[in-house]
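Everything below concerns the one structure shown next.
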Amino acid sequence: MCERKFDSPDLTLDEMFRNWPETATVFINHGMLCVGCPIVAFHTVADACTAYDLDITAFKALLRRAAAGSSPEISPDLRSPPSGEDPSP
């Protein structure tokens, strides 16, 4: 099996955690139970964001920073706004 790139939409969470273990902290910091879950061999970042109702663009930005060696941060709220609602406070 060839190794996928970090931004590949088909990259499973299992592959991400094995190749970029520092990204696991981002999931943990956001209360996601993906680390250690048996479904990681099948789920992608998009699947996890959908399951936890998180904004995928913002979450992927945090993952990229963690993979690059930056200290992962806890974002105040990555929850996707309900469709039709203005996301601004």
Side-chain angles (χ1 to χ4, degrees):
M1 177 170 114
C2 67
E3 195 172 304
R4 292 183 239 249
K5 295 185 185 282
F6 184 81
D7 283 324
S8 170
D10 298 327
L11 181 74
T12 66
L13 297 181
D14 181 54
E15 292 171 308
M16 177 176 285
F17 296 152
R18 280 189 283 116
N19 292 306
W20 299 279
E22 55 280 350
T23 60
T25 305
V26 177
F27 288 82
I28 293 166
N29 286 348
H30 287 86
M32 300 169 80
L33 303 175
C34 301
V35 178
C37 176
I39 204 84
V40 295
F42 308 102
H43 265 192
T44 63
V45 171
D47 295 327
C49 286
T50 298
Y52 283 90
D53 196 31
L54 299 180
D55 179 275
I56 189 169
T57 303
F59 193 73
K60 279 186 152 185
L62 294 175
L63 291 174
R64 277 189 213 93
R65 283 198 292 261
S70 294
S71 182
E73 59 190 60
I74 300 175
S75 294
D77 192 7
L78 292 181
R79 300 268 179 234
S80 300
S83 57
E85 267 191 40
D86 182 4
S88 59

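Atoms considered below: every heavy atom in the structure, side chains included; atoms not considered: hydrogens, waters and symmetry mates. For clarity, every value in this text was computed on a predicted model and none was experimentally measured.
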Review point. Any idea which heavy atoms bring G31 and Y52 closest together, and the distance?
Key: O-CE2, 3.9 Å

Point to revise | Minimum-distance pair of heavy atoms, taken over all atoms of V40 and T12 | key: O-CB, 3.6 Å

Point to revise | Side-chain heavy-atom pair F59, L63 within 4.5 angstrom cut-off | key: yes

Practice item. Identify, with sequence neighbours excluded, every residue that meets side chain to side chain donor-acceptor pair (under 3.5 Å) alongside N19. Key: none

Exercise for review: Drop me the distance from I28's CD1 to T25's OG1, to the nearest 0.5 angstrom.
Suggested key: 5.5 Å

**Study point:** Shortest non-hydrogen contact between V26 and H30, atoms and distance
**Key:** O-ND1, 2.8 Å

**Study point:** Residue pair L33 / F27, side-chain heavy-atom distance below 4.5 Å
**Key:** no

**Study point:** Listed partners of I39 passing side chain to side chain contact (heavy atoms under 4.5 Å, CB included), at least two apart
**Key:** C37, F42, H43

Check your understanding: Of the non-hydrogen atoms in D7 and R64, which two are nearest, and what is the gap between them?
Key -> OD1-NE, 3.2 Å

**Study point:** Pair T44-D47, side-chain donor/acceptor within less than 3.5 Å
**Key:** yes

Check your understanding: Are any of the side-chain heavy atoms of V45 and M16 separated by less than 4.5 Å?
Key -> yes

Revision key, fill the gap. Value for NZ (K60) from CZ (F6), rounded to nearest 0.5 Å, stands at 8.0 Å

**Study point:** Shortest non-hydrogen contact between A41 and D14, atoms and distance
**Key:** CA-CB, 3.8 Å

